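The structure appears below as structure tokens.
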2 protein chains.
Amino acid sequence: MQLQEGKERFIEAWGTLGSSWGVTRTMAQIHALLLVSTTPLSSDDVMEKLQISRGNVNTNMRMLVDWTLAHKKLIPGERKEFFVAEKDMSKVVKSIVIARKKRELEPMLRLLDDLTEVEGKDEEAEGFRHVVKDLKLYSDKADSALDALIKVDSNWFFSTFLKMLK
Amino acid sequence: MQLQEGKERFIEAWGTLGSSWGVTRTMAQIHALLLVSTTPLSSDDVMEKLQISRGNVNTNMRMLVDWTLAHKKLIPGERKEFFVAEKDMSKVVKSIVIARKKRELEPMLRLLDDLTEVEGKDEEAEGFRHVVKDLKLYSDKADSALDALIKVDSNWFFSTFLKMLK
DNA sequence: ACCCACTTTCAGTCTTTAGTGAAAGCTATG
DNA sequence: CATAGCTTTCACTAAAGACTGAAAGTGGGT
């Protein structure tokens with residue numbers, strides 16, 4: 001496979017994957033584009049390469065910066081802003097875990113906390129509290145696990161983790 | 001909080017959470033409804049309680065069965081099909097992990113495998129292969145980790161996991 | 001102080017995805 | 001083997017979410 005084709009397939013596929021991941025196709029595509037670009041890119045560069053509007057680029061680029069998957073890179077003599085992607089994959093993984101935990105796990109923890117307070121002594125109420133309690137248990141465990149994953153160096157984490165499972 | 005209010009909030013919130021989890025609001029709501037129901041429910045029951053159409057119930061119910069989050073329960077003397085939710089949360093977690101891994105991780109592994117084959121000896125090609133290789137590394141690790149999580153008893157997994165991180 | 005080169009915003013439009021409901025498909029029962 | 005009772009399908013509609021582009025905002029340079 002030629003490099004150019006590889007890059008195109010990567011950008012295309014990363015975008016598609018993005019949706020199953022809860023980020024928009026465009027955000028994922030811009031991310032992919034930056035990841036495989038050897039130089040910083042401006043909004044105009046991205047608009048042209050992905051054939052999308054200025055507003056769209058602006059919004060999604062700021063989202064990428066927000067997730068810390070990209071950052072601004074000022075180029076001397078240029079007034080435009082340029083962007084580069086974070087290329088240290090352990091950091092990329094970390095950023096994604098943080099963002100997804102915030103969106104997918106934390107609201108659940110809050111919900112379950114509220115729901116432990118249902119009253120009632122009959123079997124039905126007990127059953128309900130049991131469901132909530134159990135879910136809370138697993139959510140808390142996932143929460144701690146992900147926090148740990150975020151804190152430690154990813155390489156250390158994974159290698160230790162895998163040794164453990166052998 | 002009263003039991004009835006608790007159940008309603010749970011169903012409502014589980015639905016909302018569902019979307020951030022990549023399942024439709026309705027599928028998640030039906031799941032929640034079954035989880036807090038003490039008896040098996042028929043399509044008609046679900047239609048009435050959630051105020052949704054028969055087709056919608058049918059589609060999403062079959063999805064829940066597909067994910068192994070619910071199963072049919074035949075009631076003697078009834079021609080209708082009834083459904084109950086899996087209430088063992090370690091199994092619920094497992095099912096969800098399996099489904100999400102299939103949707104979110106496996107297509108990525110396939111993509112990255114393909115992309116390792118780009119040709120070229122210049123720096124740009126090397127850079128591209130490096131990005132792909134690194135992503136592959138983390139994806140493979142996540143893959144193994146999730147496989148392990150799926151195989152082992154969840155309680156064992158989490159407790160060992162947490163001890164390790166202390 | 002004004003202009004120019006850019007960035008940001010947002011109302012409106014387009015696209016994508018979910019939900020409806022009626023018709024077609026099954027199947028147990030008399 | 002006809003029918004009633006239920007399940008499944010699917011063309012259409014509704015709702016949600018993403019994208020556009022033009023207008024407003026910003027700030028460095030002269």
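Computed from heavy atoms alone, side chains included, the values below leave out hydrogens, waters and symmetry copies. These numbers come from a predicted model, not from an experiment. Lettering of chains follows the sequences in order, A, B, ..., and the numbering in each one begins at 1.
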Q: Go along nucleotides 9-27 of chain D 5' to 3' and tag each nucleotide: B for a protein heavy atom under 4.0 Å from its base, S when only backbone or sugar atoms are that close, - otherwise.
A: B--------SSBB-----B

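For B:Asp44 and D:dC6, the CG to P distance is 8 Å, given to the nearest whole Å. Summarising the geometry, the separation between CE on A:Met61 and P on C:dT9 is reported as 15 Å, rounded to the nearest angstrom. Atom CD1 in B:Ile75 sits about 18 Å away from atom P in D:dG5, given to the nearest Å. D:dT7 atom C1' lies 15 Å from atom CD of B:Glu78, rounded to whole Å. In this entry the distance linking NZ of B:Lys80 with P of C:dA28 reads 18 Å, nearest Å. In this structure, B:Asp66 places its CG atom 15 Å from C1' of D:dT8, rounding to the nearest Å. For B:Leu50 and C:dT20, the CG to P distance is 10 Å, given to the nearest whole Å. The interatomic distance linking B:Met47 (CE) with D:dC6 (P) rounds to 12 Å, in whole Å.
With sequence neighbours left out, the salt bridge (charged side-chain N to carboxylate O under 4.0 Å, His left out) criterion links B:Lys72 to B:Glu81. Scanning for salt bridge (charged side-chain N to carboxylate O under 4.0 Å, His left out) contacts around B:Glu106 gives B:Lys101, with sequence neighbours left out.
Among residues at least two apart or in separate chains, side-chain hydrogen bond (donor to acceptor under 3.5 Å, both in side chains) pairs with a member in residues 108-117 of chain B are A:Arg9-B:Asp114, B:Asp113-B:Lys136.
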Could you give the side-chain donor-acceptor pairs of residues 59-70 of chain B under 3.5 Å, partners two or more places apart or in another chain?
{"from": "B:Thr59", "atom 1": "OG1", "to": "B:Gly55", "atom 2": "O", "distance (Å)": "2.9"}
{"from": "B:Asn60", "atom 1": "ND2", "to": "B:Thr24", "atom 2": "OG1", "distance (Å)": "3.2"}
{"from": "B:Arg62", "atom 1": "NE", "to": "B:Asn58", "atom 2": "OD1", "distance (Å)": "3.0"}
{"from": "B:Arg62", "atom 1": "NH2", "to": "B:Asn58", "atom 2": "OD1", "distance (Å)": "3.3"}
{"from": "B:Thr68", "atom 1": "OG1", "to": "B:Ser95", "atom 2": "OG", "distance (Å)": "2.7"}

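Ionic pairing of A:Glu104 and B:Arg100 is present here: one or more N-O contacts between side-chain nitrogen and carboxylate oxygen are shorter than 4.0 angstrom.
A:Ile75 forms part of a hydrophobic cluster together with A:Phe82, judged by ILVMFWY side-chain heavy-atom separations under 4.5 Å.
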